[in-house]
Amino acid sequence: MTLRIALVDDNPMDRHLAAEALDEVCPGCVAETFASGQALLRHLHAAPLPDLLLLDLNMPGFTGLDVLQALKADPRLSLMPVVVLTTSSAPSDIEQAYALHASSYLVKAATFTEFLAQVDALIRYWTLNRTVPARPAEFSRRSARSA
């Protein structure tokens, strides 16, 4: 199964470096990048959901926390795994991200070599540990059988 990843970052160089890192560590991954949270949300309402969203916090206007809040408020988008990938190590940002149900929080590594290792570890973890949520009908059938 191919891992489909969406990345939101307002910085074009950061988007390019992240796409390059993803391509290097996961050549079979399909990555789409977005320059803003609004662009991501428009896309998600009209397309299949990615397996994983990488979200920057420090974006002008509609911040990553705003995006996270909008995602978690939408029943269709709320279960999508969101990994905050940002330069901020501020405790208040970390606390807010987890309060809004981020799946994980990563502070971007300082060098590309370290960033590559970070992305590789993230992809390996997510590939090995992701689960597909049961659809309500499937869950009901399983529950009825086990009863």
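Just so you know, these numbers come straight off a predicted model, no measurement behind them.
Using a 4.5 Å cut-off on side-chain heavy atoms (C-beta onward), Asp51 and Met80 make no contact. Between Tyr105 and Thr86 there is a side-chain heavy-atom pair separated by less than 4.5 Å. Side-chain atoms of Leu49 and Arg76, non-hydrogen and from C-beta on, do get closer than 4.5 Å to each other.
Cluster membership check: Tyr98 shares its hydrophobic cluster with Val84, using side-chain heavy-atom separations under 4.5 Å among Ile, Leu, Val, Met, Phe, Trp and Tyr. Follow the hydrophobic side-chain contacts under 4.5 Å out from Phe115 and you reach Trp126 in the same cluster. Transitive grouping of hydrophobic side chains (ILVMFWY, heavy atoms separated by less than 4.5 Å) brings Leu53 and Met59 into a common cluster. Hydrophobic cluster membership differs between Met13 and Leu55, with clusters built from Ile, Leu, Val, Met, Phe, Trp and Tyr side chains linked at under 4.5 angstrom. In the hydrophobic clustering of ILVMFWY residues, with side-chain heavy atoms under 4.5 Å counting as a link, Tyr125 and Leu22 come out together.
Shown here for Gly37 and Val67, the closest heavy-atom pair between the two residues is CA-CG2, 3.4 Å. Nearest heavy atom pair, residue Ser88 against residue Val107, reads O-CG2, 3.5 Å. Closest non-hydrogen pair, Ala73 versus Pro75, comes out as O-CD, 3.6 Å. In this structure, Thr33 and Ala19 approach most closely via the heavy-atom pair CG2-CB, 4.5 Å. Pairing each heavy atom of Ala109 with each of Gln118, the nearest pair is N-OE1, 3.1 Å.
Atoms CG and CD1, from Leu57 and Ile94 in turn, are 9.5 Å apart once rounded to the nearest 0.5 Å. Between the CG atom in Asp56 and the CZ atom in Arg15 there is a gap of 10.5 Å [rounded to 0.5 Å]. We find the CG-CD distance between Leu116 and Glu20 to be 8.5 Å, quoted to the nearest 0.5 Å. Between the CG atom in Asn58 and the CG atom in Asp93 there is a gap of 6.5 Å [rounded to 0.5 Å]. The CZ atom of Phe112 sits 6.0 Å away from atom CD of Glu24, with the distance rounded to the nearest 0.5 Å. The CG atom of Leu54 lies 8.5 Å from the CG atom of Leu106; values are rounded to the nearest 0.5 Å.
Looking at residues two or more places apart in sequence or on another chain, you find no side-chain contact (heavy atoms from CB on, under 4.5 Å) involving Ala117. Contacts of Asp10 classified as salt bridge (charged side-chain N to carboxylate O under 4.0 Å, His left out), with partners at least two apart in sequence or in another chain: none. Under the side-chain contact (heavy atoms from CB on, under 4.5 Å) criterion, Glu32 pairs with Phe34, His43, not counting sequence neighbours. Qualifying salt bridge (charged side-chain N to carboxylate O under 4.0 Å, His left out) partners for Arg42, counting only residues two or more places apart in sequence or in other chains: none. Qualifying side-chain contact (heavy atoms from CB on, under 4.5 Å) partners for Leu100, counting only residues two or more places apart in sequence or in other chains: Leu65, Leu68, Gln69. Every residue two or more places apart in sequence or in another chain was checked for a salt bridge (charged side-chain N to carboxylate O under 4.0 Å, His left out) with Asp66, and none qualifies. Applying the side-chain hydrogen bond (donor to acceptor under 3.5 Å, both in side chains) rule to His101 yields no partners; only residues at least two apart in sequence or on another chain are considered. Thr111 pairs by the side-chain contact (heavy atoms from CB on, under 4.5 Å) definition with Thr113, Glu114, not counting sequence neighbours.
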>> Test side chain to side chain contact (heavy atoms under 4.5 Å, CB included) on Leu7 and Asp14; report intermediate values, then the result.
In response: CA-CA 10 Å; Leu7 168 78; Asp14 286 349; over 6 Å; no
>> Checking Val25 against Arg124 for the side chain to side chain contact (heavy atoms under 4.5 Å, CB included) test, could you report, in this order, the C-alpha distance in whole Å, the side-chain angles of both residues, the deciding distance, and whether it holds?
In response: CA-CA 9 Å; Val25 302; Arg124 280 187 291 113; over 6 Å; no
>> Please evaluate residues Leu122 and Val83 with respect to the criterion side chain to side chain contact (heavy atoms under 4.5 Å, CB included), reporting the C-alpha separation (whole Å), side-chain torsions for both, the decisive distance (0.1 Å), and the verdict.
In response: CA-CA 9 Å; Leu122 173 67; Val83 173; 4.1 Å; yes
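Counting only distance, with no hydrogens or angles, the side chain of Thr127 and the backbone of Ile123 share a donor-acceptor pair below 3.5 Å. A donor-acceptor distance shorter than 3.5 angstrom exists from the side chain of Ser103 to the backbone of Val82, with no hydrogens or angles considered.
For residues 32-82, there are no disulfide (SG to SG under 2.5 Å) pairs, not counting sequence neighbours. Identified under the disulfide (SG to SG under 2.5 Å) test for residues 25-97, with sequence neighbours left out: Cys26-Cys29. Applying the ring pair (Phe, Tyr, Trp, His ring centres under 6.0 Å) test to every pair with at least one member in residues 55-93, sequence neighbours left out, gives no pairs at all. Under the disulfide (SG to SG under 2.5 Å) criterion, no residue pair touches residues 54-112, with sequence neighbours excluded.
Remark: Lys108 engages Asp9 in a salt bridge, criterion side-chain N to carboxylate O under 4.0 Å.
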